[in-house]
Amino acid sequence: IVKSAVAVGSVTDEEIQAAAKGAASYKGRPWSSTEYGAATYDIRYRLELRGATQAQLAEFDRLCDEAPVRGGGFNPWSGD
């Protein structure tokens, strides 16, 4: 049973950029690499549910990959 549907392409490019900026805020200290990975996965999944296109998801991935690592690295005391 389908309870709801979302049109593919209903996410704007500005929303993709904002989502990538939000994910990138977890990239580096004080966060661990696990926390960054979990945040990025969750944000990307929510974009998919909202109808982001494959091109938009690829752009999200690219923006996250190119974002600088805050504080020169991830939290070294996190156990990662």
Side-chain angles (χ1 to χ4, degrees):
I1 298 174
V2 176
K3 294 186 178 184
S4 66
V6 176
V8 173
S10 59
V11 178
T12 67
D13 291 340
E14 290 79 18
E15 290 172 304
I16 297 296
Q17 292 169 358
K21 185 176 181 180
S25 72
Y26 288 91
K27 191 174 185 178
R29 292 191 177 118
W31 308 104
S32 71
S33 61
T34 300
E35 290 166 313
Y36 169 65
T40 302
Y41 175 85
D42 183 59
I43 293 168
R44 191 181 197 282
Y45 179 68
R46 290 173 189 271
L47 290 171
E48 286 183 66
L49 291 179
R50 291 181 47 221
T53 66
Q54 288 302 310
Q56 287 176 317
L57 293 172
E59 177 66 2
F60 171 80
D61 293 339
R62 183 188 71 76
L63 291 169
C64 288
D65 290 344
E66 291 180 358
V69 177
R70 295 172 45 180
F74 289 98
N75 183 344
W77 298 281
S78 67
D80 284 353

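Predicted model only: the values in this text are computed from it and were never measured.
By the salt bridge (charged side-chain N to carboxylate O under 4.0 Å, His left out) test, Asp61 is found to be paired with Arg44, residues two or more places apart in sequence or in another chain being considered.
Hydrophobic side-chain contacts under 4.5 Å tie Ile43 into a cluster, directly or through other members, with Val11, Ile16, Leu47, Leu57, Phe60.
The minimum heavy-atom distance between Thr40 and Ala23, with the atom names listed, is OG1-CB, 4.0 Å. Across every non-hydrogen atom of Asn75 and Arg29, the tightest pair is N-CG, 4.1 Å.
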Mind listing the side-chain donor-acceptor pairs of residues 64-72 below 3.5 Å, one per line with the distance, residues two or more places apart or on another chain?
| from | atom 1 | to | atom 2 | distance (Å) |
| --- | --- | --- | --- | --- |
| Glu66 | OE1 | Arg62 | NH1 | 2.6 |
| Glu66 | OE2 | Arg62 | NH1 | 3.1 |
| Arg70 | NH1 | Ser25 | O | 2.5 |

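Centroid-to-centroid, the aromatic rings of Tyr36 and Trp31 stay 6.0 Å apart or farther.
Atom CZ of Arg50 sits about 7.5 Å away from atom OG1 of Thr12, to the nearest 0.5 Å. Of the inter-residue distances, the one linking Gln54 atom CD with Glu48 atom CD reads 7.0 Å to the nearest 0.5 angstrom.
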